[in-house]
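Reading through the structure tokens given below for one structure.
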Amino acid sequence: MKRKAINFERLSDLLYMKNVSLNINYQEFDNEQELAEEDRILLSMARAAAGNAYAPYSRFWVGAAVRLANEVVVTGNNQENAAYPSGMCAERVALYAASARYPGIPVLTIAITAKSASFKVDYPIPPCGACRQVMAEYETSGPGSTRVILSGEKGKVLIFNEISSLLPFMFSKKEMNH
Ligand code: THU
């Protein structure tokens, strides 16, 4: 009789592994009118920035507004290029401009929004992975956490109180100091 081969790798998985789950907390608002005034203003600045985006290829206009600990707000928007990969997301344009102009000043909050030429963006726009990584960099170089406000043109608004909520298991400078 032919025996079925045992897969030892899987067997040790079953013996030693633990299923672990992650809990992510964030706040959800039905619309931007429900936000605290300071956040509503930041979001309106991100919206204004989206209107100035240079996005002739995607016609998807993204705006970001960064509130710094010195109370300055720096905005940015996506900048596209005929050589597509040379373009840059709104979040990184805003964060890099903030760090260039106000080096070392902690980023308290970043508000992000978007609109499109072809459909209504009626959901909170999630930032891309590279932008999350850049948010993580500035958060971990400061003393506190960075809040993230996500919205579309209308509808729900989400608030995350720290970047790890958007980028669990993030790689940061701490990994190199163990
Ligand atoms: N985009 C951003 O500006 N931020 C994001 O987080 C996602 C995508 C831009 C890049 C490109 O100009 C357009 O949206 C479509 O991907």
Side-chain angles (χ1 to χ4, degrees), residues 22 24-29 31-32 35 38-68 72-102 105-142 144-173:
L22 201 65
I24 294 176
N25 295 307
Y26 59 93
Q27 295 139 26
E28 185 180 291
F29 299 83
N31 57 65
E32 71 180 88
L35 297 179
E38 198 179 72
D39 291 340
R40 211 170 49 236
I41 292 169
L42 196 66
L43 188 50
S44 73
M45 293 175 86
R47 256 185 235 302
N52 291 329
Y54 178 68
Y57 304 105
S58 69
R59 292 167 63 76
F60 190 73
W61 299 284
V62 186
V66 170
R67 185 186 295 287
L68 301 175
V72 171
V73 173
V74 178
T75 62
N77 42 38
N78 49 331
Q79 300 295 319
E80 296 186 348
N81 195 286
Y84 286 11
S86 302
M88 182 55 68
C89 292
E91 298 89 324
R92 275 176 287 166
V93 169
L95 287 165
Y96 290 152
S99 181
R101 294 175 61 192
Y102 304 98
I105 307 293
V107 177
L108 301 183
T109 308
I110 178 169
I112 304 156
T113 187
K115 59 184 177 177
S116 163
S118 45
F119 60 96
K120 258 254 159 328
V121 182
D122 56 5
Y123 56 89
I125 156 99
C128 82
C131 287
R132 295 176 198 213
Q133 184 64 37
V134 171
M135 291 176 204
E137 180 66 28
Y138 294 117
E139 181 184 68
T140 52
S141 69
S145 47
T146 298
R147 298 168 67 244
V148 184
I149 303 173
L150 304 183
S151 86
E153 278 173 79
K154 58 178 192 143
K156 277 184 188 154
V157 179
L158 307 182
I159 299 187
F160 299 80
N161 283 329
E162 54 201 8
I163 306 304
S164 62
S165 302
L166 285 164
L167 192 60
F169 301 103
M170 62 166 71
F171 183 85
S172 73
K173 62 175 91 174

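As the structure lists them, so they are numbered: ligands from 1, and atoms in each ligand from 1. Nothing here was measured: the structure is a model prediction, and the numbers come from that model. Quick note: numbers below take in every heavy atom, side chains included, and nothing from hydrogens, waters or symmetry partners.
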Mutual orientation of the aromatic rings belonging to Tyr138 and Tyr96 [parallel < 30°, tilted 30-60°, perpendicular > 60°]: perpendicular
Main-chain N/O of Phe171 paired to Gln133 side chain as donor or acceptor, under 3.5 Å: yes
Set of residues satisfying side-chain contact (heavy atoms from CB on, under 4.5 Å) with respect to Leu108, sequence neighbours excluded: Ala69
Residues which pass side-chain contact (heavy atoms from CB on, under 4.5 Å) with Ala98, listed by chain and number, not counting sequence neighbours: Val66, Leu68, Val74
Neighbouring protein residues of ligand 1 - any heavy atom closer than 4.0 Å: Ser58, Phe60, Val62, Asn78, Glu80, Cys89, Ala90, Glu91, Pro127, Cys128
Partners meeting salt bridge (Lys or Arg N to Asp or Glu O under 4.0 Å) with Glu153 (sequence neighbours left out): Lys120
Side-chain donor-acceptor contact under 3.5 Å, Glu32 with Ser151: no
